Structure formats: C-alpha cells, structure tokens
Amino acid sequence: DHRPHFRNRMLLCLLAITVNWCTSLRIANHFASRVIRVPPLEFVTSTCKSAYNTTRDERLRYSKCVENQFIKCDGRLDGTKRKEDERVRKLSEVNEGVVKRMEDVATTCSKSYTTLRLAMEDWTANGG
C-alpha cells in the first residue's frame, strides 16, 4: 500500500518547510533588529500626533476652500439662472405677440373669406 509512504513524505515535507520558515524568520528578525534602529516610544507618539494635527489642519483648510468655491459657484449659478429666466420671459413675450398676430391674420382671413363667399352667393343668386 502506498498510503503510509505518501503520508510520511508529506509529514517530512511539512517538517522541512516549518523548520526552514522558523529559521528564516529567526535570522531575519535577528538581522533586522541589529540593522534597523527602533525609535523610542515618545518619538513615535509625537510623530503620530504631529501627523494627526497636520491632517486635521489640512482637512479644515480644504473644507473652507470647498465652502468658498461652493459659495462662488452657487452665486454664479443664481446669476446665470436669473439671466436665463429673463431671456426666456422676453422670448415668451415675443412668441405671444407672434401668436396673437397670426390669430388676428387668421381671423381677418376667415372674415374676408366669409364676406367674399356671401358676396359670390348674392351675385350668383342675382344672375351675375
């Protein structure tokens, strides 16, 4: 049966990988601790606080900048909206005038046609 040999090989392989990993980690840790200097806790704390304060200040400055830009943009938008409303109102008045003139022309034309038709009927009725 090939199962025990396979199992033994897998266990031996797992043991080799574990030993290799542990010794590599131990060597890397030993090497890093000798080469890389660990800063004092006070230095790390003060650096983190400084970074936090800088980030907070930048966020506040950015918020103010965005608010100012928004106010300017909103003001320009309101002005543009007012101009567009006025332009549409004027064009609407012009269009109303054109429609009124066309209705007057249509009414006059209809009256003229009715008058002409009645006159033609009278003329033909009188033998003309």
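Only a predicted model underlies this, so the values are computations on that prediction, with no experimental measurement involved.
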### Task
Please lay out, stage by stage, how E86 and K83 fare under the test salt bridge (Lys or Arg N to Asp or Glu O under 4.0 Å).
CA-CA 5 Å; E86 183 62 24; K83 286 179 185 176; over 6 Å; no

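- Counting non-hydrogen atoms of other residues, nucleotides and ligands closer than 6.0 Å to CZ of R37 gives a total of 12 or fewer.
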### Task
Could you please spell out the steps behind the side-chain contact (heavy atoms from CB on, under 4.5 Å) verdict for R56 and L60?
CA-CA 6 Å; R56 187 191 64 224; L60 181 63; 5.8 Å; no

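- Electrostatic pairing of E84 and K81 does not count as a salt bridge here, judged by no charged N lying under 4.0 Å from a carboxylate O.
- In this structure, E93 pairs ionically with R89, as a charged nitrogen and a carboxylate oxygen lie closer than 4.0 Å.
- Here the straight-line distance linking atom CG of N68 with atom SG of C73 works out to 12.5 Å at 0.5 Å rounding.
- The pair D104-K100 meets the salt-bridge criterion, since a charged nitrogen lies less than 4.0 angstrom from a carboxylate oxygen.
- Residues H5 and R9 bring no donor and acceptor atom of their side chains to less than 3.5 Å of each other.
- Atoms CG and CG, from N8 and L12 in turn, are 8.5 Å apart once rounded to the nearest 0.5 Å.
- Here the side chains of I71 and E67 are in contact, with some heavy-atom distance below 4.5 Å.
- Formation of a donor-acceptor pair under 3.5 Å by the D74 side chain with backbone atoms of F70 is not found in this model.
- S50 places a side-chain heavy atom less than 4.5 Å from the side chain of T54.
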### Task
Please report the C-alpha distance between I17 and C13 in whole Å, then the side-chain angles of each, then the deciding distance to 0.1 Å, and finally whether the side-chain contact (heavy atoms from CB on, under 4.5 Å) criterion is met.
CA-CA 6 Å; I17 289 171; C13 184; 4.0 Å; yes

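- Taking the charged nitrogens against the carboxylate oxygens, R117 and E121 do have a contact shorter than 4.0 Å, which makes a salt bridge.
- Atom SG in C65 sits 11.0 Å away from atom CD in E58 (nearest 0.5 Å).
- In this structure, S92 and E96 have side chains that are in contact, with non-hydrogen atoms separated by less than 4.5 Å.
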